[in-house]
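For reference, the structure is listed below as structure tokens.
Each residue takes its place number in the sequence, starting with 1. What you see is a predicted model; the values in this text were computed from it and never measured.
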Amino acid sequence: MAAPDRWRALALLACTQFVLILDTSIINVAAPSIGSDLDISPAELSWVANAYLVSFGGLLLLSGRAADLLGRRRLFVAGLGTLAAASLLGALAGSAQLLITARVVQGMGAAMAAAAALALLLSLFDDGPERHKALGIFAAMAGAGGAAGTVLGGVLTSWLGWESTFALNVVVGLGLILPARRLLPAGSRTGDEGGFDLPGAVSVTGGLALLAYALVNAGESGWRDPVTLVTGALAVVLLTVFVLVERRVRHPLVPPAIFRRRTLRLANVLAGMWQMSLFPMFFLVSLYLQAVLGYEPVMGGLGLLPLSVVVVLVASTTDRLIGRFGLRTVMCAGFVLVAIGLVWQSLLSPSGSFVADVLPPSLLLGIALPLVSVTTAVAATLGTERDETGLASGLVNTSQQFGSVIGLALLSGVAAARTSAVSGPRDVALTEGFSAAFLAGAALAVVAALLTLRLVVPAAPAPEKGPGGTGADDRSTDRDPALP
């Protein structure tokens, strides 16, 4: 594909990523209006948001492999179509049951589109500076989508009603399908043709979906809740079955050999850890602005816009930072900045202000976010063969999605526990809870920074020497022996 077409294709994929991440937060702002209009109980209302996360997380790995087996553009278009159809159903829903069903199907479509989008990006750009730049743009749009969801949700709900938050996906989804057929490579089925690993597909999808359900429920009802314990145990059983199946079937859904790559294993762990430490910050800062400082929901969302701007600016330069300092150095620096930013964010005051208490640390975290998101994605896909791009994208997407779900459940629990333990005015107790959660996130970032020191980055091939020229300085000579 010609260079201009590749970058236009990237713009389409990045827009898709923006919309998919937007959907994880936009519904939270619309939820009160939905509950009031449809007379939905608080328990049912929480699952209007969470049903999307459960199906999204549960189907990412299967969708990634399906992109290799069935064709990436085909799955991408199917995912967008599913998302648009489910969003139309949600906009027209008149009951909690129908709305939750729509959210489940939305998550299915989002998983298909997300896994295929990253696989398409990896197939369009080879390892090297161009892929790093492409992943930086992709990450920037994801970061912007996470912050913009709160703002856009408030604006649409206030002006047009909660139904417009669903109708937006219908318009955008259909609008992206048409150029997708023209800009994205048709590709071909690149996976094994000898059979489909149905037992593996069923066990991993069921196991991941139950795990997502257990984690989301833990955030709602606690880690000791019987539903959390039972669904968590069933998830472990199904995922254990999946591992056993993959070792025995002729054409495994996830070839066990891929996990022999030390770089891939650790990079996926780190991809989950940056989400665990950083993703809850969006939710908790928004709560602080609204519940403690008294901001309206839209203004609370606008408070995250400066962070989004910094994310976009830094993400566009991350490829140059990697080229100059090396992948591992940039990743470690990113996690250190996350830790510093979250410790700084923990110094909240019940009588504080946005400019003094929120803006400075959020700008630092805006610098850190693309550094960790881009470098972990690069590391998780290093050495990926073209027939494995869907699988690699499914793995890193799954790691990130479950990192965000685990982090939100864990740090929200820390905040709630600390708030309950503090006697005194409500504002003081809430602020103490948020501070404790930010410190816990900082601790996770410190652990991640230490883990980056164990990351083995394969040496890039030196460019051919021109007349009087020399090869590029290779800043990482350690090589993962399991990499091809």
Give a yes or no on whether the backbone of Leu184 and the side-chain of Arg72 come within a donor-acceptor separation of less than 3.5 Å.
-> no
Under a 4.5 Å cut-off applied to non-hydrogen side-chain atoms, are Trp7 and Lys133 in contact?
-> yes
Measuring from Thr329:OG1 to Leu371:CG, what's the distance to the nearest 0.5 Å?
-> 12.0 Å
Is it true that a side-chain atom of Arg65 and a backbone atom of Gly390 form a donor plus acceptor pair closer than 3.5 Å?
-> no
Which atoms form the tightest heavy-atom contact between Thr228 and Ala218, and what is the distance?
-> OG1-N, 3.6 Å
Is there a side chain to side chain contact (heavy atoms under 4.5 Å, CB included) between Val243 and Glu246 once you walk through the steps?
-> CA-CA 5 Å; Val243 172; Glu246 298 307 276; 6.0 Å; no
Answer whether the closest heavy-atom distance between the side chains of Leu391 and Leu61 falls below 4.5 Å.
-> yes
Flag the pair Leu342 / Leu439 as yes when at least one side-chain heavy-atom distance between them is below 4.5 Å, and no otherwise.
-> no
Shortest non-hydrogen contact from Leu411 to Ala440?
-> CD2-CB, 3.6 Å
Compare every heavy atom of Leu88 with every heavy atom of Val170, then report the nearest pair and how far apart it is.
-> CG2-N, 3.4 Å
Using the ring of each side chain (for Trp, its six-membered ring), is Phe279 parallel, tilted or perpendicular to Phe282, with breaks at 30° and 60°?
-> tilted
Could you list the donor-acceptor pairs under 3.5 angstrom formed between side-chain atoms of residues 105-123 and any protein atom two or more places apart in sequence or on another chain?
unit_1 : atom_1 : unit_2 : atom_2 : d
Gln106 : OE1    : Arg103 : NH1    : 2.9
Gln106 : NE2    : Ser87  : OG     : 2.8
Ser123 : OG     : Ala119 : O      : 3.4
Ser123 : OG     : Leu120 : O      : 2.8

Give a yes or no on whether the backbone of Ala409 and the side-chain of Ser412 come within a donor-acceptor separation of less than 3.5 Å.
-> no
Side-chain touch Val245/Asp197, heavy atoms, less than 4.5 angstrom = yes
Ring pair (Phe, Tyr, Trp, His ring centres under 6.0 Å) contacts touching residues 212-248 (sequence neighbours left out) | Trp47-Tyr213
Test applied, side-chain contact (heavy atoms from CB on, under 4.5 Å); reference residue, Trp274; option that passes from Leu369, Leu444, Val338, Thr375 = Leu369
About how many Å separate CZ of Arg182 and CG of Asp5, when rounded to the nearest 0.5 Å?
-> 8.0 Å
So do the side chains of Leu451 and Phe335 get within less than 4.5 Å of each other, counting heavy atoms only?
-> no
Nearest-0.5 Å distance that lies between atom CG in Leu22 and atom OG1 in Thr165 = 9.5 Å
Between CG of Leu453 and CE of Met331, what distance do you get to the nearest 0.5 Å?
-> 11.0 Å
Full working for side chain to side chain contact (heavy atoms under 4.5 Å, CB included) between Leu382 and Leu327 = CA-CA 11 Å; Leu382 279 172; Leu327 180 66; 3.9 Å; yes
Side chain to side chain contact (heavy atoms under 4.5 Å, CB included) assessment of Trp162 paired with Leu99 = CA-CA 12 Å; Trp162 64 264; Leu99 193 57; 4.3 Å; yes
Minimum heavy-atom separation for Val372 to Gly334, with atom names?
-> CG1-C, 3.4 Å
I would like to know whether Val204 and Val254 meet side chain to side chain contact (heavy atoms under 4.5 Å, CB included); could you show each step before the answer?
-> CA-CA 10 Å; Val204 74; Val254 180; 6.0 Å; no
Scanning both residues in full, the closest heavy-atom pair of Asp319 with Pro129 reads CB-O, 3.8 Å
Taking all non-hydrogen atoms of both residues, which atom of Leu211 and which atom of Ala235 are closest, and how far apart?
-> N-CB, 3.5 Å
Can you tell me which residue pairs pass the side-chain hydrogen bond (donor to acceptor under 3.5 Å, both in side chains) test with a partner in residues 107-120, sequence neighbours excluded?
-> none
With distance as the sole test, does Thr205 use its side chain to make a donor-acceptor pair with the main-chain N or O of Val202 at under 3.5 Å?
-> no
Distance col, row Asn50:CG vs Leu215:CG, nearest 0.5 angstrom, shows 11.0 Å
Can you check whether Ala84's main-chain N or O pairs, donor with acceptor, with Asn169's side chain at less than 3.5 Å?
-> no
Side-chain heavy atoms of Val285 within contact of Leu307, under 4.5 Å | no
State, yes or no, whether a side-chain contact exists between Val405 and Gln401 at a heavy-atom distance under 4.5 Å.
-> yes
Can you tell me if Arg247 uses its side chain to pair, donor with acceptor, with the backbone of Pro256 under 3.5 Å?
-> no
CD of Gln345 to CG of Leu365, rounded to nearest 0.5 Å, is 6.5 Å
Measure the shortest side-chain to side-chain distance between Leu60 and Leu208 over non-hydrogen atoms and say whether it is less than 4.5 angstrom.
-> no
